[in-house]
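Worksheet: the structure to be examined is printed underneath.
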Amino acid sequence: MRILIATSEAVPYVKTGGLGDVAGALVSEFRRLNVDASLILPLYRTIRDGAALHRCGIPLSIRMGGSSFDGELWASDESAAPRAYFVECARLFGRPELYGTSAGDYPDNALRFAFFSRAVLEACAGLDMRPDVIHCNDWQTGLLPLYLKDHYRDRFRKTTTLFTIHNIGYQGIFPPSALSTAGIGKDYFHPEGIEFYGRVNFMKAGLLFSDLITTVSPTYAEEILRKEFGFGLEGVLGKRKDDLYGVMNGIDYQEWNPATDAEIAAGYGPGDAGGKKACRKALLKETGLGNPNAPLFGVVSRFSSQKGIDLISDAIDELVGLGLNLVVLGKGEAYYQNLLTGASRRNPGRVFARIGFEERLARRIYAGCDFFLMPSSYEPCGLGQLIALKYGTVPVARNTGGLADSIRDYDHLRGRGTGFLFDDFTPSAMKDAIKRALCLFGREKERETVVRDGMREDFSWEKPAGAYLALYEKALGKAGG
Ligand code: ADP
Ligand code: GLC
């Protein structure tokens with residue numbers, strides 16, 4: 001079976017969030033399993049500047065919205081594993097960011113990702129590659145299944161598509177003019193097609209035209225069928241319910257392992273409190289936080305309404321009053337950035353806020369904190385809590401999506417669990433969970449058990465990769481039968 005994973009980001013090349021981790025780790029796991037799988041992504045300027053690549057000699061010239069966009073196909077050098085292809089088009093992707101700047105999304109994102117989706121199919125044709133499955137991810141590749149079934153049907157009769165929803169809160173919704181930009185006929189522009197309240201919805205195309213649909217945790221697969229989580233697509237998903245599966249993400253333990261992480265002050269594993277203590281001490285020093293005995297909470301997050309940053313900022317002064325210290329690393333909406341820098345200014349030596357996307361600091365936070373805070377309003381899967389568990393940092397999180405599927409709420413009576421969950425999306429519910437977590441602080445035996453049990457959880461990619469392979473087979477069977 002030949003798999004092509006089309007994605008707008010993937011480690012080690014480029015990452016702005018969990019999608020990057022997931023696409024990169026999944027293809028690496030396939031390689032370990034000897035599955036023929038490759039990645040294809042846009043050639044952003046940062047990748048072009050930093051990776052060992054070569055041209056494939058395949059031009060990608062596509063007419064979009066009346067003008068011709070010219071690019072070509074690149075690939076990772078032979079030695080680099082696993083195989084990755086890159087769609088080069090400097091006019092569309094040679095920019096400092098992936099999707100936009102702090103001033104907002106790039107205004108031509110419809111064009112950029114429609115081009116990318118078509119270019120993936122043109123690249124396959126140019127390489128004479130007929131993938132059995134093209135695995136699409138999020139709205140950026142939403143049009144691909146439509147193009148495949150329409151524009152490219154004759155060339156790829158046997159190729160099937162699986163579309164993964166990483167976050168239904170981002171759908172790629174554009175004005176009606178996006179239709180002609182993307183070269184899609186008006187006959188698709190109706191409520192049963194890709195029209196969405198008078199506009200064009202790229203993710204809806206992915207949901208309608210892919211052979212199978214997955215999302216990144218079993219709980220989220222149920223949640224998105226409901227109005228409160230579906231962002232208006234719950235009806236479309238309801239109609240495709242039988243083709244919708246929840247496959248829990250994993251993390252790559254070769255990348256995320258406190259025993260081998262070169263970025264942290266000392267290596268450690270379950271049952272080895274010494275190394276973790278050294279990491280904690282180093283983090284306190286780096287952030288200038290006082291009172292080494294105060295429980296230390298960490299946040300590593302995109303700053304968007306999804307992540308519950310407003311709950312944190314509403315509660316922050318009271319939390320400091322409870323005696324804890326907080327380290328926050330994040331980047332995103334200016335509004336949240338200002339809230340958190342303000343909070344750190346009000347609470348010097350107690351709250352440290354760094355605005356930016358810094359993988360190395362993120363690692364030191366995962367390793368150095370006692371608790372990891374993730375009060376998301378919704379969370380399709382969440383990787384932060386999986387990394388925190390592995391690094392012995394006890395998650396305090398909202399009981400939703402993948403957080404609910406990966407954290408076992410601590411039961412004080414039985415003395416078992418791996419974290420602390422709360423239900424209501426309110427500062428007071430979050431504070432109650434934090435207070436429960438704080439009870440653990442000072443009860444060292446109990447705390448050790450929670451930390452150790454969390455570190456021993458297995459969220460490796462082995463199981464999810466197997467689940468995807470089974471679904472690829474199912475997609476092929478469906479298309480053939
Ligand atoms: P999402 O994809 O919704 O942003 P996830 O929890 O699935 O959330 O994945 C986030 C990934 O991005 C994790 O690997 C996390 O460590 C990383 N990350 C998020 N924000 C930052 C940041 N400011 N600096 C470094 N890494 C970050
Ligand atoms: C999205 C979701 C996050 C998930 C990630 C990878 O960014 O917000 O919950 O872990 O995709 O699937």
Side-chain angles (χ1 to χ4, degrees), residues 5 7-12 14-26 98-99 102 135-141 163-171 203 214-221 223-224 229 231 246-253 255-256 261 263-264 298-309 327-333 336-337 340 352-367 369 372-391 393 395 397-398 400-407 459 461 464 468:
I5 300 178
T7 176
S8 58
E9 48 187 277
V11 294
V14 68
K15 153 179 164 181
T16 67
L19 170 60
D21 289 302
V22 166
L26 180 59
L98 275 62
Y99 313 122
S102 57
H135 184 162
C136 304
N137 295 278
D138 272 354
W139 70 264
Q140 291 87 346
T141 50
F163 182 81
T164 297
I165 303 165
H166 294 266
N167 192 336
I168 209 164
Y170 300 84
Q171 297 177 1
M203 183 175 272
T214 67
T215 189
V216 289
S217 71
T219 294
Y220 195 60
E223 287 175 340
I224 51 179
F229 290 100
F231 285 87
V247 179
M248 184 76 191
N249 285 334
I251 50 171
D252 183 344
Y253 287 133
E255 284 289 321
W256 298 102
D261 193 326
E263 198 43 53
I264 61 179
V299 173
V300 176
S301 184
R302 268 189 304 117
F303 285 166
S304 76
S305 60
Q306 176 198 347
K307 300 294 180 176
I309 306 299
V327 177
V328 183
L329 167 64
K331 185 177 163 186
E333 291 173 32
Y336 295 113
Q337 297 187 169
L340 287 164
F352 171 92
R354 171 73 61 81
I355 307 304
F357 196 92
E358 295 181 37
E359 164 114 8
R360 295 163 67 199
L361 177 57
R363 289 175 179 277
R364 299 195 289 272
I365 294 175
Y366 286 119
C369 289
F372 189 76
L373 190 55
M374 224 166 144
S376 311
S377 63
Y378 70 93
E379 195 58 77
C381 178
L383 302 180
Q385 83 283 11
L386 302 184
I387 301 169
L389 285 167
K390 181 71 179 173
Y391 280 66
T393 303
R398 196 150 165 270
T400 185
L403 297 168
D405 290 333
S406 56
I407 299 168
F459 291 104
W461 268 102
Y468 279 118

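In listed order, ligands and their atoms are each counted from 1. Both backbone and side-chain heavy atoms feed into the values below; hydrogens, waters and symmetry mates do not.
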N/O contact list for ligand 1, threshold under 3.5 Å:
residue  : atom   : partner : partner atom : Å
ligand 1 : 2 (O)  : G18     : N            : 2.6
ligand 1 : 3 (O)  : R302    : NH2          : 2.8
ligand 1 : 3 (O)  : K307    : NZ           : 2.8
ligand 1 : 4 (O)  : R302    : NE           : 2.7
ligand 1 : 6 (O)  : L383    : N            : 2.8
ligand 1 : 6 (O)  : G384    : N            : 3.2
ligand 1 : 7 (O)  : L383    : N            : 3.2
ligand 1 : 8 (O)  : K307    : NZ           : 3.1
ligand 1 : 9 (O)  : G18     : N            : 3.2
ligand 1 : 14 (O) : K15     : NZ           : 2.9
ligand 1 : 14 (O) : D21     : OD2          : 2.8
ligand 1 : 16 (O) : Y366    : OH           : 2.7
ligand 1 : 23 (N) : G356    : O            : 2.8
ligand 1 : 24 (N) : E358    : N            : 3.0

Open item on the list: Quick check: closest heavy atoms across T400 and S376, and the distance to 0.1 Å?
Closed with: CG2-O, 3.9 Å

Open item on the list: Could you check whether N137 and T7, counting side-chain N and O atoms only, form a donor-acceptor pair closer than 3.5 Å?
Closed with: no

TODO: Taking all heavy atoms of S217 and all of G402, pick out the closest pair and write down the distance.
DONE: OG-N, 3.3 Å

TODO: Return the set of residues passing side chain to side chain donor-acceptor pair (under 3.5 Å) with R364 (not counting sequence neighbours), or none when no residue passes.
DONE: E263, E286

Open item on the list: As a test of reading the model: which residues have a non-hydrogen atom less than 4.0 Å away from ligand 2?
Closed with: G18, L19, V22, H166, N167, V216, N249, R302, Q306, E379, P380, C381, G382, L383

Task: T214 vs F163 side-chain heavy atoms within contact, under 4.5 Å - done: no

Task: Ring-ring centroid check Y170 Y99, cutoff 6.0 Å - done: no

Task: Qualifying residues under side chain to side chain donor-acceptor pair (under 3.5 Å), relative to Q140, sequence neighbours excluded - done: none

Task: Donor-acceptor pair between Y366 and D261 side chains, under 3.5 angstrom - done: no

Task: Note, F459 side chain near K390 side chain (heavy atom, < 4.5 Å) - done: no

